[in-house]
Amino acid sequence: VQLQASGGGLVQAGGSLRLSCETSGFNLDYYAIGWFRRAPGKEREGLACIANNDATTYYAESLRGRFTISRDNGKNTIYLQMNGLRPEDTAVYYCAAQPHQGTAQSMGLMSRSYDYWGQGTQVTVSS
């Protein structure tokens, strides 16, 4: 199981970024993929997940509709579209995978529920 997050960078407040999680070495249809972030001095935070068996999604309440998780079936890639970025969104963003046959909500956003992790990508939002 391999995951590679990319797409981070420096953006001004109010801007947008799209992160990509390229997956390989496993059948994505039988896994859930989650996006997480860790800001300096803070605990890792779950943001969104997608259950690829039924294409359901689940989000952290704190995002309030600013982020969207999606899948490109042809590329085995999961995206996180981030709009209305704020300085407090500055963090290292990670994608993670876990075998799962159920809804995204049943998978949830607890980092300890995911066994496979990719390297992070830095997102910095300037004010």
Side-chain angles (χ1 to χ4, degrees):
V1 175
Q2 292 188 325
L3 306 161
Q4 179 65 54
S6 62
L10 175 63
V11 63
Q12 289 188 330
S16 298
L17 280 175
R18 188 179 76 162
L19 304 183
S20 299
C21 177
E22 296 181 24
T23 70
S24 61
F26 63 103
N27 188 334
L28 190 54
D29 289 343
Y30 300 112
Y31 281 70
I33 302 293
W35 279 102
F36 297 79
R37 68 185 179 189
R38 177 171 280 167
K42 294 188 176 181
E43 297 291 320
R44 187 157 50 191
E45 175 187 12
L47 304 173
C49 67
I50 183 167
N52 290 290
N53 64 305
D54 65 359
T56 54
T57 58
Y58 181 65
Y59 296 90
E61 289 292 328
S62 61
L63 295 182
R64 298 187 181 181
R66 295 188 298 124
F67 293 5
T68 302
I69 190 171
S70 63
R71 173 182 172 178
D72 183 325
N73 292 329
K75 296 182 179 180
N76 286 333
T77 298
I78 303 296
Y79 301 102
L80 185 69
Q81 177 68 42
M82 306 187 296
N83 299 326
L85 285 164
R86 306 165 180 170
E88 54 264 39
D89 294 318
T90 295
V92 179
Y93 285 69
Y94 301 88
C95 57
Q98 181 65 20
H100 184 67
Q101 294 294 298
T103 66
Q105 186 171 4
S106 67
M107 181 67 228
L109 296 172
M110 299 295 290
S111 59
R112 63 175 179 263
S113 298
Y114 293 78
D115 287 337
Y116 305 98
W117 292 79
Q119 292 182 321
T121 185
Q122 176 71 46
V123 172
T124 303
V125 184
S126 63
S127 57

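Just so we're clear, the structure is a prediction, and the values are computed from it rather than from any experiment.
In this structure, R66 and R86 have side chains that are in contact, with non-hydrogen atoms separated by less than 4.5 Å. Counting heavy atoms from C-beta on, the side chains of T121 and L19 come closer than 4.5 Å. A heavy-atom distance below 4.5 Å is found between the side chains of S16 and Q81. The closest side-chain heavy-atom distance from Y58 to I50 is not below 4.5 Å. I69 places a side-chain heavy atom less than 4.5 Å from the side chain of W35. With a 4.5 Å cut-off on side-chain heavy atoms, V123 and M82 count as touching. Using a 4.5 Å cut-off on side-chain heavy atoms (C-beta onward), L47 and L80 make contact. Side-chain contact check for Y79 versus C21: every heavy-atom pair is 4.5 Å or farther apart.
Both F67 and L17 are assigned to one and the same hydrophobic cluster, defined by single-linkage of ILVMFWY side chains at heavy-atom distances under 4.5 Å. Residues L63 and V125 share a single hydrophobic cluster, defined by chaining ILVMFWY side chains whose heavy atoms lie under 4.5 Å apart.
Across all non-hydrogen atoms, the minimal contact from P40 to T90 is CD-O, 4.1 Å. When all heavy atoms are compared, the tightest approach of T23 to N76 is OG1-O, 2.7 Å. Of all the heavy atoms in A51 and A104, the pair that sits closest is CB-N, 3.5 Å. For the pair T103 and S106, the tightest heavy-atom approach, listed with the atom from each and the gap, is O-OG, 2.7 Å.
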Worksheet item: So N83 and T68, side chain to side chain contact (heavy atoms under 4.5 Å, CB included) or not? Walk me through it.
Response: CA-CA 9 Å; N83 299 326; T68 302; 5.6 Å; no
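Residue pairs meeting the salt bridge (charged side-chain N to carboxylate O under 4.0 Å, His left out) criterion with at least one member in residues 4-20, sequence neighbours excluded, do not occur. For residues 29-41, the pairs satisfying salt bridge (charged side-chain N to carboxylate O under 4.0 Å, His left out) are D29-R71, R37-E45, R37-D89, with sequence neighbours left out. Residue pairs meeting the ring pair (Phe, Tyr, Trp, His ring centres under 6.0 Å) criterion with at least one member in residues 89-113, sequence neighbours excluded, do not occur. Residue pairs meeting the ring pair (Phe, Tyr, Trp, His ring centres under 6.0 Å) criterion with at least one partner in residues 11-30, sequence neighbours excluded, are F26-Y31.
Here the CD1 atom belonging to I33 is positioned 10.0 Å from the SG atom belonging to C49, to the nearest 0.5 angstrom. Here CD of E22 is found 10.5 Å from CG of D72. Values are rounded to the nearest 0.5 Å. Taking OG1 of T57 as the start and CE of M107 as the end, the distance is 14.5 Å to the nearest 0.5 Å. The OG atom of S6 sits 11.5 Å away from atom CD of Q119, with the distance rounded to the nearest 0.5 Å.
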Using atom types as modelled, flag every donor-acceptor pair under 3.5 Å from a side chain in residues 109-117 to any protein atom, sequence neighbours excluded.
unit_1	atom_1	unit_2	atom_2	d
Y114	OH	G108	O	2.7
D115	OD2	Q98	NE2	3.4
W117	NE1	Y114	O	3.0

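Every residue two or more places apart in sequence or in another chain that forms a side chain to side chain donor-acceptor pair (under 3.5 Å) with D54 is listed here: T56.
Within 6.0 Å of the CD atom in Q2, the count of heavy atoms belonging to other residues, nucleotides or ligands does not exceed 12.
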